[in-house]
Amino acid sequence: MPLFLNDHGSSFYDFLVSRGQDLLRDAPQAGGHTPASGPQIHSSVPAFPHGTTVLAIRFQDGVLMAGDRQATEGFQVSGRRIEKVFRTDAHSAVAIAGAAGPAIELARLFQVELEHYEKLEGDVLSCEGKANKLGQMVRGNLPMAFQGLVAIPLFAGYDLKRREGRIFKYDVTGGRYEETEYYATGSGGKDARDTMKQLYRRGLTEVQVLRIALEALYNAAEDDIGTGGPDLVRGIYPTVKFIAVDGLRDVEESQIAAACRALIDERRERA
Amino acid sequence: MALPYYVSPEQMMADKAEYAKKGIAKGRSIVTMECADGVLLVADNPSASLHKISEMYDRIAFAGAGKYNEFEMLRKAGIRHADLKGYTYSREDVAAKSLANAYSQTIGSIFSADPKPLEVELLVVEVGQAEKPNELYRISFDGSIIDERGVAVIGGKSEALMTFLKSRWTSASISLREALRLSVDALDTVTNQKLGPEVLEVAVLDRTRPGRTFRRLAPGELRVLLNSP
């Protein structure tokens with residue numbers, strides 16, 4: 001591999017695009033024909049895995065991000081243990097829903113993008129800067145979205161200047177919208193949002209916010225066929241990450257398992 | 001039309017080498033050293049924001065001496081190379097050897113083809129993992145590449161520094177603090193002044209850290225390491 005001496009700026013994504021190596025824009029040409037426009041071409045792409053429900057909630061120390069572990073292909077479960085919440089740097093994470101292939105690639109590329117900028121500039125991007133860059137990358141994915149490969153991330157980060165957690169959601173055109181309390185996306189997103197709407201209040205503690213996240217995912221799994229609930233037989237539980245001033249932290253699986261069991265026991269009593 | 005003067009290739013190369021050496025001799029020096037915790041890099045650098053030492057990848061660091069704009073361009077190109085490789089294949093496939101080779105090729109071809117050679121000297125160092133030894137590569141202005149053991153030095157006073165360090169550096173099992181003190185002693189001796197933490201740029205590739213091992217040592221931390229008994 002040669003050295004790239006000419007100035008390419010500080011963005012790894014733009015560097016890839018300038019080299020024509022952008023994996024995100026290299027949309028597979030289904031059946032050898034180029035789609036004109038619109039999502040009517042859906043059926044021409046063979047079945048591929050979809051990620052389902054992910055969410056983010058703000059709490060007193062920062063922001064929580066969580067996701068279930070299931071991937072589906074049509075009416076089939078294609079993966080029980082996939083990861084949908086990715087650490088992108090010390091103070092941010094991306095959760096993905098939709099076409100799993102391009103979405104995971106997007107998260108991986110975004111992680112390299114942030115690290116690349118940090119190394120070249122000797123400085124980390126601001127929280128807002130990260131959110132904007134991710135928006136540009138989502139927009140770059142638009143040609144693939146037209147073929148039905150829609151990959152929409154949810155971004156959560158801790159803003160070191162404002163000293164608070166922040167949540168950004170996106171649309172397929174790269175539109176970027178900030179959420180001030182909570183948000184969930186994916187097939188079970190609506191159900192998760194309904195739960196959070198009932199339970200959310202300001203200044204939640206870590207324990208309370210973890211409970212709300214798991215409850216929202218549980219309800220999503222109950223009402224949405226795509227979302228996977230806690231799997232007690234195989235010991236598969238949702239992934240949860242906290243992002244606060246001292247960085248991003250994975251919640252121990254044992255802690256999540258205990259919280260899930262407590263939740264299920266309560267439901268059993270209610271039934 | 002006037003014919004250009006004939007200059008023999010030997011003469012041309014000798015002139016270029018002399019020019020590059022002169023440029024590098026004007027600059028300050030950088031010392032790198034293997035120690036128990038990993039690989040230490042110490043630069044005599046009065047600027048707190050214009051760095052001479054930089055992170056390249058998980059286990060790889062870079063240091064440049066000579067002309068700032070030239071080694072900065074090479075530093076950025078190296079990070080692009082490393083990130084592209086890590087993204088295309090896997091993070092563990094990024095190695096100092098291939099980076100050092102790429103630098104050697106690029107600097108060498110600029111030295112022979114361009115009218116002005118690069119006035120830079122580079123260090124590319126990688127901290128080993130488990131049983132794998134550390135790697136220290138020094139790349140000269142003409143693209144020659146030297147695989148160093150234990151200690152490597154670049155910049156203006158590199159020969160005097162190497163003489164000083166050769167007899168004093170004993171083994172890679174010295175602690176980070178010992179290595180830091182030895183490096184600073186060496187820099188103090190050749191520059192004939194006492195270099196305080198505010199004019200030193202220090203970083204370490206910390207063997208024990210998972211993932212990105214590069215860590216800068218802040219002036220406060222340096223003060224503690226240098227002054228404690």
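Everything numeric in this text was worked out from a predicted model, so none of it was measured. Lettering of chains follows the sequences in order, A, B, ..., and the numbering in each one begins at 1.
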So, the part of B/Gln105 with a heavy atom under 4.5 Å from chain A: the answer is neither
Under 4.5 Å to a heavy atom of chain A? For B/Ile110 that would be side chain
When the 4.5 angstrom heavy-atom criterion is applied to B/Arg212 and chain A, the contacting part is side chain
Which label fits A/Phe59 and A/Phe242: parallel for a plane angle under 30°, tilted from 30 to 60°, or perpendicular past 60°? tilted
Main-chain N/O of A/Arg81 paired to A/Arg69 side chain as donor or acceptor, under 3.5 Å:
yes
Query raised in the report: A/Arg249 versus A/Lys241: any side-chain heavy-atom pair under 4.5 Å?
Result: no
Under 4.5 Å to a heavy atom of chain A? For B/Phe214 that would be neither
Note: vs chain A, highest number of non-hydrogen pairs under 4.5 angstrom among B/Ala82, B/Ala77, B/Gly78, B/Gly86 is B/Ala77
Q. So, do A/Phe15 and A/Phe4 have ring centers that fall under 6.0 Å from each other?
A. yes
Given side-chain contact (heavy atoms from CB on, under 4.5 Å), test A/Phe168 with A/Leu134 step by step and report yes or no. CA-CA 10 Å; A/Phe168 294 90; A/Leu134 185 58; over 6 Å; no
Among B/Ile79, B/Leu74, B/Asp83, the residue with the most heavy-atom pairs under 4.5 Å to chain A is B/Asp83
